[in-house]
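Computation of the quantities below employed the complete heavy-atom set of this structure, encompassing side-chain atoms and omitting hydrogens, waters and symmetry-equivalent molecules. Quantities reported herein were computed from a predicted structural model and do not represent experimental measurements.
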Amino acid sequence: MGLLLSLTFFLVVLTAAAAAPSEDVSHSSCSSQFSGELHLLDGSGLRLTLHHPRSPCSPAPLPDLPFSTILSHDEARATSFAARLTKTVPRAASPLLQSAAVSVPLSPGNSIGVGNYVTRIILGTPGKSYSVVADTGSSLSWLQCSPCKVECHPQEGPLFNPSASATYRSVPCSASECDSLESATLNPAACTLSNVCVYEATYGDGSFSVGYLSKDTLSLGSGRRLADFVYGCGQDNEGLFGRSAGLIGLARDRLSMPSQLAPTLGYGFSYCLPTTASTGYLSFGSNNPGRFSYTPMVSSSLDDSLYFIRLTGITVGGRGLPVSASAYTSTPTIIDSGTVITRLPVDVYDALSSAVAAALRGYRRAPAYSILDTCFRGSLSRLAVPAVDMVFQGGATLRLAARNVMIDVDSSTSCLAFAPSGSVAIIGNKQQQTFSVVYDVGRSRIGFAAGGCG
């Protein structure tokens with residue numbers, strides 16, 4: 001992996017000969033859902049349609065993966081977060097980059113996985129639409145760009161063509177945005193011989209994007225635009241990005257999309273993560289504060305770009321789990337849009353598993369499935385799943401429906417959609433589905449409201 005990324009940087013920095021770009025692939029099904037995917041709310045906010053990564057109507061569908069494979073990648077994402085927080089992954093300098101007068105050590109990287117939801121953005125002048133994955137665990141946004149000097153993964157629609165945009169420009173190495181790359185990507189910047197800033201975004205599952213840091217105009221709908229939106233123009237993009245054109249980073253960092261939109265729309269965003277049968281939204285700058293119950297964001301020196309919160313309790317059928325209050329805070333807790341299965345501290349998970357199993361004792365148990373070990377014969381619709389509440393500091397509560405508690409892993413087996421973790425607890429997207437979740441970064445709080453995707 002280190003040699004591959006070293007070679008990638010070497011080729012990009014020395015502006016290697018162009019490889020053939022990805023083929024355009026038509027996507028005619030569900031086209032009616034794509035109309036009106038970008039519009040303003042009450043003249044003050046940007047609202048984007050959000051699709052489940054495995055929805056048949058996603059504009060950038062994932063390959064048809066077995067659910068066990070999805071869980072394996074989900075575990076890689078969770079492990080990658082743990083590596084970021086504990087800094088246990090060794091870093092190695094690249095001799096090829098040293099020969100090019102730059103040194104780019106590899107880091108634990110961000111986390112991508114296969115659980116990120118999909119939306120569209122409009123970039124450039126004239127503006128063109130691109131399907132991207134939205135990720136609260138990443139800061140830097142990027143698109144695949146022609147001429148795609150090394151390699152691009154197949155995507156829906158054409159690659160972004162910098163030469164076709166009247167407002168595109170590359171970012172020089174002397175710019176402050178180039179200096180900010182290390183905090184945004186966990187990798188320091190490199191520099192081409194022509195003084196163009198080079199970014200490297202590496203992800204815990206081995207996916208990566210390497211290219212030129214750039215600026216262009218981002219459309220906000222109804223004629224409004226954000227000039228000089230900073231993003232990566234990817235020349236080597238490999239890994240599990242589905243058929244998306246790239247990624248928008250929603251983490252807490254100067255280069256993230258929410259931070260860049262803050263002067264125009266306010267510092268925050270909200271979303272409703274849909275099921276495969278519906279659509280949700282990703283909204284910047286417009287929400288109804290009275291709808292939400294809030295929990296404070298927790299400051300952490302481990303990684304100031306992630307969204308830390310404090311889980312204080314879980315009830316099953318109205319009864320609290322028989323664990324101490326300190327069990328919930330034995331590991332740091334983050335909330336994440338791209339992790340599928342919620343991870344809990346080990347003692348909390350064991351208590352939850354026992355309580356759910358007791359409530360479902362009239363049903364036949366099934367063998368463990370991948371990382372899920374509390375499984376039952378029968379589909380979710382046939383199980384009398386107990387009510388589960390997740391309570392956070394300040395009293396904010398996720399009152400989980402059965403679909404947020406259990407997950408069908410095949411046609412005859414349903415499993416508890418939680419797993420244990422000894423290093424970092426993660427509130428995953430299975431538990432967040434159909435809730436409105438607001439990230440009020442300006443006031444350092446996160447809010448929850450039921451019934452968000454309707």
Side-chain angles (χ1 to χ4, degrees), residues 33 47-62 65 67 70-71 73-75 77-78 111 113-119 133-137 242 250 269-283 287 291-293 295 307 309 311 314 316 333-344 352 356 369 371-372 374 379-381 383 385-392 396-409 414-419 425-439 446-454:
Q33 289 199 20
R47 184 182 176 104
L48 307 172
T49 301
L50 206 55
H51 299 268
H52 191 285
R54 296 190 301 283
S55 167
C57 292
S58 169
L62 281 168
L65 300 172
F67 191 62
I70 291 172
L71 290 177
H73 288 297
D74 197 55
E75 183 65 6
R77 181 177 176 96
S111 315
V114 294
N116 283 294
Y117 284 68
V118 180
T119 189
V133 296
D135 185 18
T136 58
L250 301 177
F269 63 96
S270 62
Y271 58 59
C272 181
L273 305 179
T275 66
T276 57
S278 63
T279 57
Y281 68 84
L282 171 62
S283 178
N287 61 74
R291 292 184 57 215
F292 296 90
S293 59
T295 186
Y307 296 100
I309 54 177
L311 180 67
I314 294 178
V316 177
T333 299
I334 62 172
I335 182 169
D336 179 49
S337 65
T339 299
V340 178
I341 302 298
T342 285
R343 269 65 173 186
L344 295 173
L352 175 63
V356 171
Y369 185 94
I371 62 172
L372 307 179
T374 306
S379 65
L380 169 60
S381 62
L383 300 178
V385 180
V388 175
D389 288 0
M390 303 182 71
V391 184
F392 299 90
T397 302
L398 281 175
R399 292 187 167 87
L400 304 180
R403 65 174 177 268
N404 303 114
V405 177
M406 308 289 292
I407 190 167
D408 287 332
V409 298
S414 184
C415 298
L416 181 65
F418 293 79
I426 306 171
I427 310 303
N429 63 38
K430 180 63 176 173
Q431 283 61 45
Q432 298 177 58
Q433 274 182 6
T434 73
F435 289 89
S436 283
V437 182
V438 60
Y439 292 68
I446 288 177
F448 305 105
C453 291

For Asp336, what residues pass the side chain to side chain contact (heavy atoms under 4.5 Å, CB included) criterion, not counting sequence neighbours?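 Asp336: side chain to side chain contact (heavy atoms under 4.5 Å, CB included) contacts with Arg77, Phe81, Asp135, Thr136, Thr339, Ile426.
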
With sequence neighbours excluded, tell me which residues meet side chain to side chain contact (heavy atoms under 4.5 Å, CB included) with Ala387. none

I'd like to check the side chain to side chain donor-acceptor pair (under 3.5 Å) partners of [X]; sequence neighbours left out, ordered by chain and number.
X: Tyr439; value: Tyr271
X: Ser379; value: Ser381
X: Ser270; value: none

So, do Thr342 and Lys430 sit near enough that their side-chain heavy atoms are less than 4.5 Å apart?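 SC-SC contact between Thr342 and Lys430 ruled out.
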
Side-chain heavy-atom pair Leu416, Val405 within 4.5 angstrom cut-off: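 Yes; the side chains approach each other to less than 4.5 Å.
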
Output the distance between atom [atom1] ([X]) and atom [atom2] ([Y]), rounded to the nearest 0.5 Å.
X: Phe448; Y: Arg399; atom1: CZ; atom2: CZ; result: 12.5 Å
X: Leu273; Y: Thr434; atom1: CG; atom2: OG1; result: 9.0 Å
X: Ile446; Y: Phe292; atom1: CD1; atom2: CZ; result: 11.5 Å
X: Thr119; Y: Leu48; atom1: OG1; atom2: CG; result: 4.0 Å
X: Phe418; Y: Met390; atom1: CZ; atom2: CE; result: 5.0 Å
X: Phe392; Y: Leu311; atom1: CZ; atom2: CG; result: 5.0 Å

Between Asn116 and Val133, is there a donor-acceptor pair closer than 3.5 Å when you use the side chain of the first and the backbone of the second? no

Please check: side-chain N/O of Arg54 versus main-chain N/O of His52, any donor-acceptor pairing under 3.5 Å? no

To check you understand the geometry: which heavy-atom pair defines the closest contact between [X] and [Y], and what is its length?
X: Thr397; Y: Ser293; answer: N-OG, 3.8 Å
X: Ala134; Y: Ser337; answer: O-OG, 3.8 Å
X: Gln431; Y: Val340; answer: OE1-O, 4.0 Å
X: Val118; Y: Pro53; answer: CG2-CA, 4.5 Å
X: Gly338; Y: Asp74; answer: O-OD1, 4.1 Å
X: Arg291; Y: Ala449; answer: O-CB, 3.4 Å

Applying ring-ring contact (aromatic ring centres under 6.0 Å, His included), can you list everything that pairs with Tyr369, at least two apart in sequence or on another chain? none

Is it the case that the ring center of His51 lies less than 6.0 angstrom away from the ring center of Tyr117? no

Applying side chain to side chain contact (heavy atoms under 4.5 Å, CB included), run through Leu398 and Asn404 and close with a yes or a no. CA-CA 10 Å; Leu398 281 175; Asn404 303 114; over 6 Å; no

